[in-house]
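The chains referred to below are lettered A, B, ... by the order of the sequence lines, with proteins before strands, and numbering in each begins at 1. FYI, side chains are in, hydrogens and waters are out, and symmetry mates aren't considered; it's all heavy atoms of this structure.
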2 protein chains.
Amino acid sequence: MSSSQMLKGILDGCLLGIIHKGETYGYEMIEKLEIYGFRMVSEGSIYPVLMRLQKDGFVHSVMKESPSGPKRKYYTLTPAGEEEYEQFKERWESLSHSVNRLVKEEN
Amino acid sequence: MSSSQMLKGILDGCLLGIIHKGETYGYEMIEKLEIYGFRMVSEGSIYPVLMRLQKDGFVHSVMKESPSGPKRKYYTLTPAGEEEYEQFKERWESLSHSVNRLVKEEN
DNA sequence: CATGCTATCTTGTATTACAAAGTAGCAGTT
DNA sequence: AACTGCTACTTTGTAATACAAGATAGCATG
């Protein structure tokens, strides 16, 4: 039972959420996740997720020049991605309420 | 991205929580999970978890007669199990706050 | 030209939820 | 007695997926 196991099935929804807030690229998403409090989400975790999201038609990507450094792959949500994000939020609401009822219940 | 993936790393903590509330057995835990709102957590999910928890020394089990039906394996938390449950709650707090910041943030 | 930061991708591994199937006890009905 | 359905636990195989580790490469600064 580790923290990383708890991320399963949540990470992809969180990435949809971050892209939903505005076009962004992989490397920057890692920094944003850290700001939200996610500890040590590594590149090896998110790049495969981004590719899966694209394969499933939830995101669209464009290569753009960086003002300094290598090119960046910027992601945006497709309509299907917006819909998927809405569904993720509902699933998260349901799950987190269940866990909180259990964990915070007095007795 | 399915609901079942979101359970990963959470189910074992929830089982610790249910046992923490009082001695109980596998079949009954499934019913209790349903009451808390967990949808369709099947036997094939929880029995392997219970065996892992026992192997790791977090729970102790005793076979007892049922007033009707086959014998039941009743579980209780060991001190290490109580400690593990406390740590799970902290990890859950941290993770759920991070996700909620992301998901509920206005922008 | 060497170092370090930025940026992406790939491979292999470990974890784990779950479907499916099996075993078996007991109660009530036919 | 045989059948049906509920209770109760176990095992096997599969699919999903987070992540470590490593590879590749552009750019800037000293």
*Asks:* What residues, two or more places apart in sequence or in another chain, satisfy side chain to side chain donor-acceptor pair (under 3.5 Å) together with B:Glu43?
*Replies:*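 Partners of B:Glu43 under the side chain to side chain donor-acceptor pair (under 3.5 Å) test: none.
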*Asks:* Taking salt bridge (charged side-chain N to carboxylate O under 4.0 Å, His left out) as the cut-off, I'd like each qualifying pair that reaches into residues 60-80 of chain B, sequence neighbours left out, listed once.
*Replies:*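 Non-adjacent pairs meeting salt bridge (charged side-chain N to carboxylate O under 4.0 Å, His left out): B:Glu23-B:Lys64, B:Glu65-B:Lys71.
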*Asks:* Does anything in residues 23-31 of chain B come within less than 4.0 Å of DNA chain D? Heavy atoms only, and list the residues if so.
*Replies:*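 Under 4.0 Å from DNA chain D: B:Tyr25, B:Gly26, B:Tyr27.
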*Asks:* Would you kindly say whether A:His60 and A:Gln54 are connected by a side-chain donor-acceptor distance under 3.5 Å?
*Replies:*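 A:His60 vs A:Gln54: no donor-acceptor pair found between side chains.
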*Asks:* Short of 4.0 Å, heavy atom to strand atom, which residues of residues 61-72 of chain A count as contacting DNA chain C?
*Replies:* A:Ser66, A:Pro70, A:Lys71, A:Arg72
*Asks:* In this structure, how many angstroms lie between the P atom of C:dA17 and the CG atom of B:Leu33, rounded?
*Replies:*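 To the nearest whole Å, that distance equals 12 Å.
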*Asks:* Under the salt bridge (charged side-chain N to carboxylate O under 4.0 Å, His left out) rule, collect the residues that match up with B:Glu86, sequence neighbours excluded.
*Replies:* B:Lys89
*Asks:* Is any side-chain N or O of A:Tyr47 closer than 4.0 Å to OP1 or OP2 of C:dT8?
*Replies:*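 Affirmative; the distance criterion is met.
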*Asks:* Under the side chain to side chain donor-acceptor pair (under 3.5 Å) rule, collect the residues that match up with A:Lys104, sequence neighbours excluded.
*Replies:* B:Glu93
*Asks:* Can you list the residues that meet the side chain to side chain donor-acceptor pair (under 3.5 Å) rule with B:Glu34, with sequence neighbours excluded?
*Replies:* none
*Asks:* Tell me whether B:Arg39 at atom CZ has more than 12 heavy atoms from other residues, nucleotides or ligands lying less than 6.0 Å away.
*Replies:*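 Atom CZ in B:Arg39 is not packed in, count stays at 12 or less.
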*Asks:* Out of D:dA16, D:dT17, D:dT11, which has the shortest distance to the side chain of A:Asp12?
*Replies:*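 Closest nucleotide to the A:Asp12 side chain: D:dT17.
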*Asks:* From CG of B:Leu53 over to C1' of C:dT15, roughly how many Å is that when rounded to an integer?
*Replies:* 14 Å
*Asks:* Rounded to whole angstrom units, what separation is found between the CZ atom of A:Arg52 and the P atom of C:dT10?
*Replies:* 15 Å
*Asks:* Atom CD of B:Gln54 and atom C1' of D:dT10: how far apart are they, to the nearest Å?
*Replies:*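 Taking atom C1' of D:dT10 as the reference, CD of B:Gln54 is at 13 Å.
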*Asks:* Rounded to whole angstrom units, what separation is found between the CG atom of A:Leu50 and the P atom of C:dT8?
*Replies:* 9 Å
*Asks:* What I want to check is whether an N or O donor and acceptor connect the side chain of B:Lys8 with the base of D:dT17 at under 3.5 Å.
*Replies:*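 Looking at the base of D:dT17, it does not pair with any donor or acceptor on the side chain of B:Lys8 (distance under 3.5 Å).
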*Asks:* To the nearest Å, give me how far apart NZ (B:Lys73) and C1' (D:dT7) are.
*Replies:*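 Rounded to whole Å, this separation is 16 Å.
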*Asks:* Residues two or more places apart in sequence or in another chain: which of them pass ring-ring contact (aromatic ring centres under 6.0 Å, His included) with B:Tyr74?
*Replies:* B:Tyr25
*Asks:* Apply side chain to side chain donor-acceptor pair (under 3.5 Å) to A:Asn100 and list each qualifying residue two or more places apart in sequence or on a separate chain.
*Replies:* B:Trp92
*Asks:* Show the distances under 3.5 angstrom between N or O atoms of the protein and N or O atoms of nucleotides 19-21 of chain D.
*Replies:*
from	atom 1	to	atom 2	distance (Å)
D:dC19	OP2	A:Ser45	OG	2.7
D:dC19	O5'	A:Ser45	OG	3.3
D:dA20	OP2	A:Ser42	OG	3.3

*Asks:* With sequence neighbours left out, which residue pairs that include part of residues 29-51 of chain A fulfil the ring-ring contact (aromatic ring centres under 6.0 Å, His included) condition?
*Replies:* none
*Asks:* Going by the rule side-chain contact (heavy atoms from CB on, under 4.5 Å), which residues pair with A:Thr24 if we only count those two or more places apart in sequence or in a different chain?
*Replies:* A:Ile18, A:Ile19, A:Glu28, A:Met29, A:Lys32
*Asks:* Figure out the NZ/P separation between B:Lys55 and D:dT11, and round it to whole Å.
*Replies:* 13 Å
*Asks:* Measure CG/A:Leu15 against C1'/C:dT8 and give the value in whole Å, please.
*Replies:* 15 Å
